[in-house]
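Comments concern the structure below.
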Amino acid sequence: MGQLRFRFAAFLVVLAGCNGSGHVGTPPEPDAGTDPATDAGTSIDASRPGIDATIPPETDGGVPPVEPDSWYLTAMANYRVVSAGATGADALAASQTTARASEELEIVENANGTISLRAVVNGLYVEVDANARLVARGAEVSPASQFRRFPQDNGGIALQSVTNDRYVSADLNEGAALIADRMEVAGWEIFFLHPMGPPATETPDFGPNVLAFDPSMSAADIQSRVNRIFDEMEDNQFGDSRYAFLFAPGTYDVDVNVGYYTHVIGLGASPDEVTIRGAVRAEADWFDGNATQNFWRGAENFAIEPAGGTNRWAVSQAAALRRVHVRGGLVLDDGGWSSGGFLADSLIDGQVASGSQQQWLTRNTQMGSWTGRNWNMVFVGVVNAPAGANNYPNPPYTVVDESPVLREKPFLVRDALGHYSVFVPALRTNTRGTSWQTGSAAGTSIPLSEFHIAREGVDTAATINAALAAGRHLLVTPGIYHLSEPIRVTRANTVVLGLGLATFIPDGGSIAMTIADVDGVKIAGILFDAGEVSSPILLQVGPPGSSADHSANPTSLHDVYFRVGGAAVGRAEVSVEVNSDDVIGDHFWVWRGDHTYGIGWDLNTGATGLIVNGDDVTMYGLFVEHYQRYQTIWNGERGRTYFYQNEIPYDVPNQASWMNGGVRGFAAYKVADGVTTHEAWGLGSYCFFSSNPSVVLERSFEVPNTPGVRFHHMVSVSLGGTGTIAHVINGTGGAASPSNNVSYVVQYP
């Protein structure tokens, strides 16, 4: 291998990323003239009319061409694979979702510093014809088949024709044909190179509860399978079934109505690689339009072209909608009540209408506009967040311009060769808008071969722990897993990714999962359900006394849910305890059950939902409800919470049984007396003392009165006037009571 070829190959790896999508992993040493910081995945603004590019110097000649390497090319315009067609006679077009012989290109670096592309399907070089279209027709390298290449900040490249000095575009107005006719580089002029390899010969065994869909399947067949699952799960609130739908890259004409314990997942590296023309929706028809119990479902990583122009997602807690592109509007209710939800890393082209939503968190999203208000609407790092936050509580909007520190949720990918991987987004700071609109996200791709795939009825805590101890990551397929011992995550950078709301139930009073005080663990998509014998903790993040600095590579927890009772009698003293420093929480629902099975003050016992002992912990989208003492206790320094939603327990028998010393009741959010620095934005606490409406909670939020502890935009609500919260924070704020249901405080202190 000659030196010139080695340098060029390394350059292409930097551009190509790591998983067949243009995502950039940890790059090798960049080629001369590249910037390691930008090659690590810094985004560009695809809306700019052009991106500055400096033409690389051409060599003086005398260096012989090198033998070619083999690649395939995807277009940022539509995330499709560029194809030369079956014969190579037609114009190249970004038209395919798989990479086979028709899509294979050999890259030849010419002596003058340009490159040429040779189509494997016919062995001919790609030339720019008289109409500026790219066609594989040249028997040898000529000026018409020479292109200058320009690295882009998002990991892609632009190609400029030597013959006319115009950039190549995948023109969506011309069927995504490749045409060299553009003066500047924007989104349609950026491409991603990926090493060609053998196609996958096997599909991973995800078990019977994962339904995998491919564009080659008939729409009628897909619709029939989707409908069958929905018919089973529409009102199956506490059932044992769990399902995931996997949509491979491509376009589908299907209406996906999402019921309980159903997880809809696109397998593209970008949401726009999977397009669903119809809907991916959550309705509340089973509950007469009341969506307050539309829990435990999720949808992520695809584009929706909604029939009629608007997609409905009428949900409450534990129903994340993330990393989606809605090519239209989004409605968040179904005509009746709805009680809060989570939207993140998404692009909504039209308007988001919150309707009856009592509260909602929107994080790192871009939308056309927002309409709707109730008690607590929070926007963090949102492009086009609604105006009016300075007039809180009219409207009750909280707007924070940027997310200070963030890692997006890991996700499953199937590339154009059929290979599966899990992409782990990189840590980002001070972010606004989505991670993917400009065509790339920094991070690391992990081949699925490095994961242990856990299956219900096959795997136990022992088999899972053996796999983790051997250095495997963990993919948990849909199902319920009874655990005789804790799952122990002991190695740095371990990924535990659940599909279909995979559920862990500790038996015999054990902890469900422990995480060592190590760097960079990622836990996502797991429901922790308490067993009948009381557990001291369901999830423990770091042992007590943890003190290591993880600021450069924190542990992050995404779409993790906790349940004590509801499906059966469940008991846990604390649901989640965070002892490690720098942990990021990205959507929690921590719930002591208030309805259906095993419910009662002396049955589903749980003192506290969340205890944070670690320093520098950041929470986005924290929902904690119905615990019997403090709902949340924060002992660590420099904690931050962006959006908090709480309901005080409904079933308090009487005031005498619910006293905190001489204080009436236990606050929804307690910052320890010795904490000197803490900050929170957009917090709501509600009471509904249905067992005894005479019960009073003294205050929703209990914090030390010190300048470093600051709370912004708080609300207390007496739901239907059933009970009283005397103050919002400490002794500040009027009562939420039968005579005045809602009370706000703008700032404290």
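Classification of Glu625 and Arg563 as a salt-bridged pair fails, no side-chain N sitting under 4.0 Å from a carboxylate O. With respect to Arg428 and Glu408, a salt bridge is recorded, a charged nitrogen being found less than 4.0 Å from a carboxylate O. One finds no salt bridge joining Arg322 and Glu300 here, because no Lys/Arg side-chain nitrogen approaches an Asp/Glu carboxylate oxygen to under 4.0 Å. Between Arg491 and Asp519 there is no salt bridge, since no side-chain nitrogen of the basic residue lies less than 4.0 Å from a carboxylate oxygen of the acidic one. Salt-bridge formation is detected for the pair Arg414/Asp214: a Lys NZ or Arg NE/NH1/NH2 atom is positioned less than 4.0 Å from an Asp or Glu carboxylate oxygen.
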After noting the C-alpha distance and the side-chain angles of Ile526 and Val476, does the key distance pass the side-chain contact (heavy atoms from CB on, under 4.5 Å) rule?
CA-CA 8 Å; Ile526 300 292; Val476 190; 4.2 Å; yes
Yes or no on salt bridge (Lys or Arg N to Asp or Glu O under 4.0 Å) for Asp586 and Lys409, after CA distance, side-chain angles and deciding distance?
CA-CA 8 Å; Asp586 181 33; Lys409 180 183 177 182; over 6 Å; no
Please step through salt bridge (Lys or Arg N to Asp or Glu O under 4.0 Å) for the pair Arg472 and Glu450, ending with a clear verdict.
CA-CA 6 Å; Arg472 311 276 280 185; Glu450 297 183 17; over 6 Å; no
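Between His482 and Phe504, the ring centre distance reaches or exceeds 6.0 Å. Between Phe451 and Tyr420, a ring centre-to-centre spacing not shorter than 6.0 Å is recorded.
Side-chain contact check for Tyr620 and Asn364: no donor-acceptor pair (N or O, by modelled atom type) lies under 3.5 Å.
In this structure, CG on Leu501 lies 11.0 Å from CD1 on Ile480, to the nearest 0.5 angstrom. Note that CZ of Phe238 and CG of Asp529 are 9.0 Å apart. Values are rounded to the nearest 0.5 Å. Ser346 contributes atom OG, which lies 9.0 Å from atom CZ of Arg363 (distance to the nearest 0.5 angstrom). With values rounded to the nearest 0.5 angstrom, Asn311 atom CG is found 6.0 Å from Leu330 atom CG.
Under the ring pair (Phe, Tyr, Trp, His ring centres under 6.0 Å) criterion, His558 pairs with no residue at all, not counting sequence neighbours.
Within 6.0 Å of atom CZ in Phe688, 12 or fewer heavy atoms from other residues, nucleotides or ligands are found, so the atom counts as exposed in its surroundings.
Arg242 forms a cation-pi arrangement with Tyr261, by the criterion of a distance under 6.0 Å to the ring centre and an angle within 45° of the ring axis.
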